[in-house]
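Structure, as structure tokens:
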Amino acid sequence: MTGSDRKQIPRVDLPADARLDTLAVREGLPPSQYGENSEALFLTSSFVHPDAATAAARFANEEEAFVYTRFTNPTTMMMERRLAALEGTESCIATSSGMSAILLLCMGLLKAGDHVVCSQSVFGSTIKLLGGELARFGIETSFVSQTDVAAWRAALRPTTRLLFAETPSNPLTEVCDIALLARVAHEAGALLAVDNCFCSPALQQPVKFGADLIIHSGTKYLDGQGRVIAGAVCGPARIVDDVLVPLMRSTGLTLSPFNAWVVLKGLETLGIRMVAQSDRALALAQWLEGHPAVRRVYHPGLPSHPQHALAMAQQNGRGGSVVSFIVRGEGAETARRNAFHAIDSTRICSITANLGDTKTTITHPASTSHGRLTEAQRLAAGITQGMIRVAVGLDDLEDLKADLARGLDTLTA
Ligand SMILES: *Cc1c(COP(=O)(O)O)cnc(C)c1O
């Protein structure tokens with residue numbers, strides 16, 4: 001099935017002006033002949049044709065139909081349509097992980113000799129993929145400051161095809177100006193892709209600010225309950241349907257229909273989860289700012305955040321659910337001991353580097369997600385030994401404060 005006939009598959013009959021909360025629970029495909037109200041899970045690798053001539057027509061793309069789950073499946077398509085509706089893009093393609101979404105996008109848009117400008121604060125594996133793996137195929141990437149637009153502009157070359165940003169960043173929650181970066185990209189004849197993992201479309205729709213393509217790790221907030229690995233690329237039909245869908249057919253970076261169904265159902269509660277988790281995170285950040293054992297707190301919802309105003313304008317007035325903070329402690333060793341004490345004193349938070357779960361997670365970035373960097377690289381990135389990252393879930397706020405107070409109230413140095 002090519003992209004163009006993907007668009008002809010029937011749509012759910014919804015009013016044209018249906019709003020996001022409605023689309024989040026209803027956009028997809030019309031129900032099957034059985035009239036199910038909850039979306040069906042089509043666990044099938046292939047689809048049967050009524051006769052050989054029809055099969056031939058479908059393989060020749062003369063007739064629209066589902067053919068083979070490596071490139072299209074009804075359950076997966078429901079997830080894609082729902083996510084595209086939430087992001088406000090024409091189309092979406094689901095992938096087996098967030099990383100395979102970035103790989104598919106790069107394979108679709110770039111060739112040897114092309115150049116990418118990317119924030120140096122993006123997800124660690126994204127830096128490895130762009131700066132390492134793709135460099136072997138002749139694609140060069142310049143890494144620049146998350147917040148310094150002049151640095152992005154200065155890195156442009158005649159061969160620059162793509163600007164890649166992720167906002168807010170992990171774990172410092174630095175916010176980049178999507179509208180400005182979109183302008184820089186378009187003036188250079190390049191596209192802007194934004195990894196929208198941290199806010200999800202419930203808080204931030206990058207296309208509203210001019211971004212061309214949206215990357216998702218569905219593993220995080222879209223599923224929202226820590227169950228599956230999934231990813232997606234959202235964007236215009238001329239790229240997603242006409243370039244990425246055919247590329248998916250020959251690369252097989254496919255999301256399993258089961259995982260697509262889990263994400264599809266996760267999208268139904270995305271809006272209320274993001275608001276609840278973000279509000280809890282802000283309240284926790286405010287409480288941490290007042291705690292004597294805490295040196296500094298990072299959350300875009302705090303007026304002390306360097307890009308607070310930009311974040312509020314770009315993220316529907318909310319900071320997201322990730323809070324980072326630095327515990328008291330003179331010198332790297334004491335700071336690390338104090339951070340480990342605070343983490344190990346929790347009885348509710350899950351000690352894991354994952355995020356986007358209803359269960360609150362806690363991690364020490366300097367020894368986990370950023371553990372492979374040298375101490376000098378870590379300090380340049382602003383990640384010190386005293387830093388702790390909390391990805392706030394749906395646990396009770398007072399329980400979370402008590403959980404962190406257990407360690408923060410009992411530091412000895
Ligand atoms: C987790 C993550 C990814 C990678 O997603 P996977 O689903 O784990 O492959 C990419 N970007 C960001 C911002 C992430 O947090």
Side-chain angles (χ1 to χ4, degrees), residues 76 79 83 87 92-107 116 118-134 141 143 146 162-176 178 193-204 206 211 213-234 251 253-256 258-260 262-263 266-267 270 274 277 281 298 300 315 320-324 350 352-357 361-363 365 368-372 381 383 389-393:
T76 309
M79 185 216 116
L83 184 55
E87 284 290 2
C92 168
I93 183 165
T95 58
S96 56
S97 68
M99 290 320 301
S100 63
I102 302 175
L103 178 62
L104 185 75
L105 179 73
C106 290
M107 285 186 74
V116 179
C118 181
S119 162
Q120 64 197 9
S121 307
V122 295
F123 189 64
S125 296
T126 307
I127 291 185
K128 290 247 176 224
L129 176 63
L130 288 171
E133 315 304 344
L134 291 177
T141 300
F143 294 97
Q146 170 86 346
L162 181 68
L163 273 61
F164 192 100
E166 175 189 318
T167 183
S169 69
N170 178 31
L172 289 172
T173 70
E174 288 179 317
V175 174
C176 61
I178 298 172
V194 175
D195 183 330
N196 200 24
C197 175
F198 267 57
C199 278
S200 89
L203 301 187
Q204 171 173 280
L213 294 145
I214 313 303
I215 292 288
H216 271 292
S217 169
T219 315
K220 314 293 167 50
Y221 295 98
L222 304 188
D223 164 20
Q225 287 146 88
R227 299 168 293 195
V228 299
I229 302 287
V233 182
C234 301
T251 56
L253 301 167
T254 315
L255 182 62
S256 92
F258 181 83
N259 288 0
V262 170
V263 173
L267 289 176
L270 178 68
M274 290 309 291
Q277 291 176 228
Y298 302 84
Q315 301 173 194
S321 74
V322 173
V323 185
S324 293
S350 311
T352 169
N354 193 27
L355 62 103
D357 200 316
T361 65
I362 191 165
T363 187
T368 58
S369 53
H370 296 71
R372 283 175 294 175
I383 293 153
R389 189 201 74 190
V390 177
V392 178

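As the structure is a computational prediction, the values presented were derived from the model and not from experiment. Position 1 is the first residue of the sequence, and the numbers go up from there. In each ligand, atom 1 is the first atom listed, and ligand 1 is the first ligand listed.
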#### Entry: Exercise: identify the closest heavy-atom pair between S121 and E166
O-OE2, 4.4 Å
### Task
Search all heavy atoms of L172 against all heavy atoms of A381 and return the closest pair with its distance.
CD1-O, 3.0 Å
Are any protein N/O atoms closer than 3.5 Å to the N/O atoms of ligand 1? If there are, list each pair with names and the distance to one decimal place.
residue  : atom   : partner : partner atom : Å
ligand 1 : 5 (O)  : S217    : OG           : 2.9
ligand 1 : 7 (O)  : G98     : N            : 2.9
ligand 1 : 7 (O)  : S217    : OG           : 2.9
ligand 1 : 7 (O)  : T219    : OG1          : 2.6
ligand 1 : 9 (O)  : G98     : N            : 3.1
ligand 1 : 9 (O)  : M99     : N            : 3.0
ligand 1 : 11 (N) : D195    : OD2          : 2.6
ligand 1 : 15 (O) : K220    : NZ           : 2.6

## Note on the structure
side-chain contact (heavy atoms from CB on, under 4.5 Å) test vs I93 passes for just one of T254, V233, L253, namely V233
Name the atoms and distances for all side-chain donor-acceptor pairs under 3.5 Å in residues 224-232, with sequence neighbours left out.
residue : atom : partner : partner atom : Å
Q225    : NE2  : D223    : O            : 3.2
R227    : NE   : D223    : OD1          : 2.9
R227    : NH2  : D223    : OD1          : 2.7

### Query
Does N259 have any side-chain hydrogen bond (donor to acceptor under 3.5 Å, both in side chains) partners at least two apart in sequence or in another chain, and if so, which?
none
Taking only distance into account, with no hydrogens and no angle test, what donor-acceptor pairs under 3.5 Å do side-chain atoms of residues 122-134 form with protein atoms, sequence neighbours excluded?
residue : atom : partner : partner atom : Å
E133    : OE1  : R136    : NH2          : 3.3

